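Comments concern the structure below.
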Amino acid sequence: MNDLSHASTSSPLAREVERRRTFAIISHPDAGKTTLTEKLLLFGGAIQLAGQVKAKADRRNTRSDWMSIERERGISVVTSVMTFEYQGLVFNLLDTPGHEDFSEDTYRTLTAVDSAVMVIDAAKGIEARTRKLFEVCRLRDIPIVTFINKMDREGRDPFDLLDEIEKTLALSTVPMTWPLGRGRDFAGTYDLQAGHVRLLDRDTAPIPVTAGDSAALAAAVPSIDADTAAEEIALVREACGEFDLAAFREGHMTPVFFGSAIKNFGVGDLLKGLGDYAPPPRDQAAATRMVAATEDNLSAFVFKIQANMDPNHRDRIAFVRLCSGKLTRGMKVKQVRTGKSMSLNAPQFFFAQDRALAEEAYAGDVVGIPNHGALRIGDTLTEREDIAFLGVPSFAPEILRRVRLPDAMKAKKLRDALQDLAEEGVVQVFRPRDGSPALVGVVGALQLDVLQNRLEAEYGLEIRFEPSEFALARWISAPTKQELESFVTSHSFSIAEDLDGDPVFMAKSAFDLRYQGERSPAIVFADIKDVK
Ligand code: G4P
């Protein structure tokens with residue numbers, strides 16, 4: 001099942017690539033993502049004590065400290081990455097903001113992973129946000145490993161939960177472990193692959209038990225009804241079939257682990273599952289060709305920008321996913337969008353709380369590159385060839401507002417600040433062609449609070465938002481330049497430019513948009529833009 005077997009015969013680069021697992025955790029708020037992240041990092045020895053990753057109100061000493069709004073609201077707004085090693089493998093865990101108003105960030109982060117762990121609360125099953133994030137993973141064929149959490153509490157019947165995953169997500173399930181006892185009587189799991197019992201709250205070696213041997217099961221776990229458990233194990237083996245690596249990698253099947261993050265139970269099995277089954281860095285689609293992770297030359301793309309992470313040093317970090325080759329500190333790369341060359345003098349790795357200079361990094365890794373605004377979301381960096389990776393999307397905003405600045409003397413400063421924050425992906429900025437004040441667009445209302453807060457804290461700008469006459473923004477294109485230009489000219493009061501100078505049609509309502517669409521059939525109105 002494990003395709004590391006050929007690793008010893010391949011090149012040093014291929015060996016490094018093969019041992020990387022870059023993944024994210026998708027879940028509904030409160031399912032246990034933060035707790036599971038802490039426990040995963042503990043396994044990897046990346047942190048000494050659990051409780052340090054806690055993305056809740058007590059998140060005092062972490063990188064995200066700069067954003068007071070995050071503390072006030074007790075949510076994690078920041079996407080970050082944590083790297084840890086476990087049993088010879090390098091895991092890059094890309095964290096995603098918990099709040100749905102930051103879904104754009106989350107979607108972009110999912111463009112940078114090769115697999116995802118779907119955490120489900122055993123009492124709640126599939127919840128709205130899990131389903132939404134799952135759909136994004138499915139669009140990109142990202143394989144999913146499932147962790148059913150909170151087994152130490154009263155939850156739903158495990159068969160029911162599997163059935164729900166199969167029905168609502170159209171995803172076959174293959175349990176890797178099976179819970180023994182339920183709720184308060186949860187005593188451990190039976191490993192369906194290895195044929196052993198692992199007990200909760202006891203630091204003992206796994207106990208080998210042949211499937212179907214209920215006497216041996218009763219001896220290993222006296223607190224449970226062994227006959228029922230043995231029947232369930234027989235049933236689950238028969239009903240769910242064998243784990244099929246290819247089906248998993250294609251996104252049709254998910255291995256399922258049961259556990260309790262808070263009790264640090266089942267987390268080791270999950271990590272082993274990720275190591276054994278989750279794919280190493282995948283090939284990435286560029287505009288002209290597919291790029292294999294094991295190609296010698298470095299290629300990478302920016303999926304996230306974060307400014308002012310450290311209030312003492314006004315820095316700006318571009319989070320870059322390496323797609324092929326090897327990065328060596330100090331090397332020169334080309335930024336394909338501008339054609340400019342840049343030296344990677346201070347690429348950084350991120351751990352639970354720290355950063356460190358990355359002397360070397362390989363395809364699959366995520367590094368932070370400090371810069372002063374040269375790098376933008378979606379940018380490709382390459383060692384040689386001019387390739388441009390596809391698929392870091394921008395989403396049409398759901399809310400549009402005009403930014404009102406009481407102090408007109410600061411208009412230039414506001415313009416620059418909005419540019420900075422738009423490049424960072426905090427908001428989108430649309431500059432109307434008719435010269436009227438800029439509009440900001442967001443997917444979730446909380447982003448507006450973040451914008452206001454940051455403009456004040458970081459740029460000393462006090463602003464207000466005013467309603468806009470426009471309700472929707474759509475990127476427009478047409479088969480010919482002429483057709484596009486003619487539309488733009490005849491609708492000049494409804495046309496704005498985005499950050500890249502691409503034309504955007506601003507509609508007053510859904511009706512207006514539909515009406516314009518019918519009148520101008522040559523024009524394509526897009527609500528997603530693939531940043532190139
Ligand atoms: P999230 O990042 O997905 O939002 O979830 P988080 O880890 O913060 O966990 C949400 C709550 O669920 C926390 O309760 C946490 O302790 C609890 N939890 C996580 N894993 C387990 C588990 O395996 N079993 C049980 N019983 N509880 C678990 P909390 O600290 O009380 O926070 P809150 O509920 O006040 O937000």
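Just so you know, ligand 1 is whichever comes first in the structure, and atom 1 is the first atom listed for that ligand. Just so you know, these numbers use all the heavy atoms, side chains as well, and skip hydrogens, waters and symmetry mates. The model shown is predicted, which means the values in this text are computed figures rather than measured ones. When a residue number appears, it is its place in the shown sequence, counting from 1.
- Listed by atom number, the atoms of ligand 1 under 4.0 Å from Lys33 heavy atoms are 1 (P), 2 (O), 3 (O), 5 (O), 7 (O).
- An N or O contact shorter than 3.5 Å links Ala261 to ligand 1 by distance.
- Between the Asp141 side chain and the Gly251 main chain, no donor and acceptor come within less than 3.5 Å of each other.
- Proximity of a side-chain donor or acceptor of Arg237 to a complementary backbone N or O of Leu192 within less than 3.5 Å is detected.
- Judged as a ring pair (Phe, Tyr, Trp, His ring centres under 6.0 Å), and not counting sequence neighbours, Tyr190 has no contacts.
- A donor-acceptor pair under 3.5 Å links the side-chain atoms of Thr254 to the main chain of Ile144, judged by distance alone.
- Checked against a 3.5 angstrom limit, the closest N/O atoms of Ile262 and ligand 1 fall inside it.
- In terms of polar-atom proximity, defined here as any N/O pair under 3.5 Å, Gly32 does make such a contact with ligand 1.
- Heavy-atom proximity to Arg153, at under 4.0 Å, picks out these atoms of ligand 1: 26 (N).
- Counting only residues at least two apart or on different chains, the side-chain hydrogen bond (donor to acceptor under 3.5 Å, both in side chains) pairs with a member in residues 206-217 are Ser214-Asp227.
- Comparing heavy-atom distances from atom 26 (N) of ligand 1 across Asp152, Asn264, Thr34, Thr35 singles out Asp152 as nearest.
- Of the N or O atoms in Lys150, one or more lie within a sub-3.5 Å distance of an N or O in ligand 1.
- Heavy atoms from other residues, nucleotides or ligands lying under 6.0 Å from CD of Glu359 number more than 12.
- In the vicinity of Ser260, heavy-atom distances shorter than 4.0 Å reach the ligand 1 atoms 22 (C), 23 (O), 24 (N).
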